[in-house]
Amino acid sequence: MIIGYTSGVFDMFHIGHLNLLKNAKALCDRLIVGVTTDELVSYKHKKSVIPFNERMEIVRNIRCVDAVIPQDSMNKFELWEKVKYDIMFVGDDWYQNEKWKEYEKQFGEVGVKIIYFPYTKGTSSTLLNETLLKLRNG
C-alpha cells in the first residue's frame, strides 16, 4: 500500500485545493492530509478566514481524502517519523527552494518521493482574500 501525504492551510477551499487532493489520491492508495493549525498560520503573521476545526471538517469530507491530521509544525520529516508516508505532494512554488532541496535529500535517504504539482492558474486563497477586500471596501 502506497501512503501519500500533503498539507496546507486549506482556507476558503477552492478548485486548486480540490485539484491537488484529487491528483495526489490518483498516485497513492491512502491519502493523508495535514491541515495547518491556526497557531501555525499565525507564525507568518497571517490569519485564516475559516477556523481550524471547520477547515479540518471540510477537508475530511472530500471523497479522495482518507485521513486528516493537524499540521502544527513545519517540520515535514518529524511528521514522516510518525506517519511513515511513501510520497509527499507539494505545490511547485517550492520546487528548487533551498529548504525543499534539503528535504529532497533527507527524504531520499528513507525512500520517500516528493512530487511537485503545478498550482491551478487563476485561483488562490490569497487572491480570493484580496478580491473580497476590494469588494468590501470598493
Side-chain angles (χ1 to χ4, degrees):
M1 175 181 291
I2 297 170
I3 300 172
Y5 175 78
T6 192
S7 63
V9 178
F10 298 102
D11 197 20
M12 295 194 300
F13 197 90
H14 55 73
I15 193 68
H17 294 138
L18 186 59
N19 287 342
L20 167 70
L21 298 175
K22 285 177 16 183
N23 291 335
K25 178 62 178 184
L27 298 174
C28 63
D29 299 307
R30 181 168 168 77
L31 179 61
I32 300 170
V33 180
V35 176
T36 307
T37 63
D38 290 336
E39 294 76 20
L40 190 58
V41 170
S42 68
Y43 96 97
K44 290 183 174 179
H45 307 292
K46 292 185 175 183
K47 185 175 176 174
S48 61
V49 174
I50 309 297
F52 170 70
N53 288 336
E54 292 180 23
R55 291 183 283 116
M56 287 274 291
E57 191 64 19
I58 289 166
V59 175
R60 180 180 290 116
N61 281 283
I62 304 299
R63 186 180 312 138
C64 56
V65 174
D66 296 299
V68 177
I69 59 176
Q71 176 183 246
D72 55 10
S73 167
M74 292 304 289
N75 188 328
K76 308 291 186 192
F77 199 79
E78 193 176 87
L79 181 71
W80 173 82
E81 290 174 321
K82 294 176 190 172
V83 178
K84 300 290 194 218
Y85 47 81
D86 304 295
I87 306 172
M88 182 167 37
F89 305 100
V90 64
D92 66 359
D93 55 329
W94 295 109
Y95 185 67
Q96 297 297 318
N97 171 289
E98 286 306 313
K99 181 170 133 185
W100 282 88
K101 284 181 185 178
E102 287 179 37
Y103 275 141
E104 285 181 25
K105 201 179 305 176
Q106 191 177 26
F107 280 111
E109 291 172 6
V110 294
V112 173
K113 185 175 183 179
I114 298 176
I115 296 178
Y116 296 90
F117 284 135
Y119 259 57
T120 302
K121 302 275 187 255
T123 190
S124 72
S125 295
T126 301
L127 181 63
L128 289 171
N129 272 319
E130 289 170 359
T131 303
L132 285 171
L133 277 174
K134 286 177 187 171
L135 287 171
R136 289 181 182 138
N137 297 330

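In what follows, residues are counted from 1 in the order of the sequence shown.
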Going by atom type alone, with no hydrogens or angles, which donor-acceptor pairs under 3.5 Å involve a side-chain atom of residues 104-113 and a protein atom two or more places apart or on another chain?
| residue | atom | partner | partner atom | Å |
| --- | --- | --- | --- | --- |
| Glu104 | OE2 | Tyr116 | OH | 2.5 |

Quiz item: Taking only residues two or more places apart in sequence or in another chain, which ones pass side-chain contact (heavy atoms from CB on, under 4.5 Å) with Glu102?
Solution: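 Result, side-chain contact (heavy atoms from CB on, under 4.5 Å) vs Glu102: none returned.
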Practice problem: Using the test side-chain contact (heavy atoms from CB on, under 4.5 Å), find all partners of Ile62 that sit at least two apart in sequence or belong to another chain. | Solution: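 Ile62: side-chain contact (heavy atoms from CB on, under 4.5 Å) contacts with Phe13, Leu18, Leu21, Cys64, Val65.
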Quiz item: Glu39: what forms a side-chain hydrogen bond (donor to acceptor under 3.5 Å, both in side chains) with it, not counting sequence neighbours?
Solution: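 Partners of Glu39 under the side-chain hydrogen bond (donor to acceptor under 3.5 Å, both in side chains) test: none.
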Exercise. Identify, with sequence neighbours excluded, every residue that meets side-chain hydrogen bond (donor to acceptor under 3.5 Å, both in side chains) alongside Asp38.
Key: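 Ser48, Arg55.
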Pair up each side-chain donor or acceptor in residues 77-85 with any protein partner under 3.5 Å, not counting sequence neighbours, and list the distances.
| residue | atom | partner | partner atom | Å |
| --- | --- | --- | --- | --- |
| Trp80 | NE1 | Tyr85 | O | 2.9 |
| Tyr85 | OH | Lys76 | O | 3.1 |

Quiz item: Is there a side-chain contact (heavy atoms from CB on, under 4.5 Å) between Phe10 and Gln71 once you walk through the steps?
Solution: CA-CA 11 Å; Phe10 298 102; Gln71 176 183 246; over 6 Å; no
Practice problem: Could you list all the salt bridge (charged side-chain N to carboxylate O under 4.0 Å, His left out) pairs where at least one residue sits in residues 26-36, not counting sequence neighbours? | Solution: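 As it turns out, there is no salt bridge (charged side-chain N to carboxylate O under 4.0 Å, His left out) pair with a partner in residues 26-36 once direct neighbours are skipped.
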From [X] atom [atom1] to [Y] atom [atom2], the distance as rounded to the nearest 0.5 Å:
{"X": "Ser7", "Y": "Ile32", "atom1": "OG", "atom2": "CD1", "result": "12.0 Å"}
{"X": "Cys28", "Y": "Asp66", "atom1": "SG", "atom2": "CG", "result": "7.0 Å"}
{"X": "Ile2", "Y": "Leu31", "atom1": "CD1", "atom2": "CG", "result": "12.5 Å"}
{"X": "Met56", "Y": "Thr36", "atom1": "CE", "atom2": "OG1", "result": "10.5 Å"}

Self-check item: side-chain contact (heavy atoms from CB on, under 4.5 Å) between Ile87 and Phe89, intermediate numbers included
Solution: CA-CA 7 Å; Ile87 306 172; Phe89 305 100; 3.5 Å; yes
Quiz prompt | Pairing residues for Asp72 by the salt bridge (charged side-chain N to carboxylate O under 4.0 Å, His left out) criterion, not counting sequence neighbours | solution =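 In terms of salt bridge (charged side-chain N to carboxylate O under 4.0 Å, His left out), with neighbours along the sequence ignored, Asp72 is linked to no residue.
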Quiz item: What residues, two or more places apart in sequence or in another chain, satisfy salt bridge (charged side-chain N to carboxylate O under 4.0 Å, His left out) together with Glu57?
Solution: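 Listed in chain order: Arg60.
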Quiz item: Does Thr6 use its side chain to pair, donor to acceptor, with the backbone of Val90 at less than 3.5 Å?
Solution: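 No.
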Self-check item: Pairs meeting criterion ring-ring contact (aromatic ring centres under 6.0 Å, His included) with involvement of residues 47-71, two or more places apart
Solution: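 Listed by first then second residue: nothing to list.
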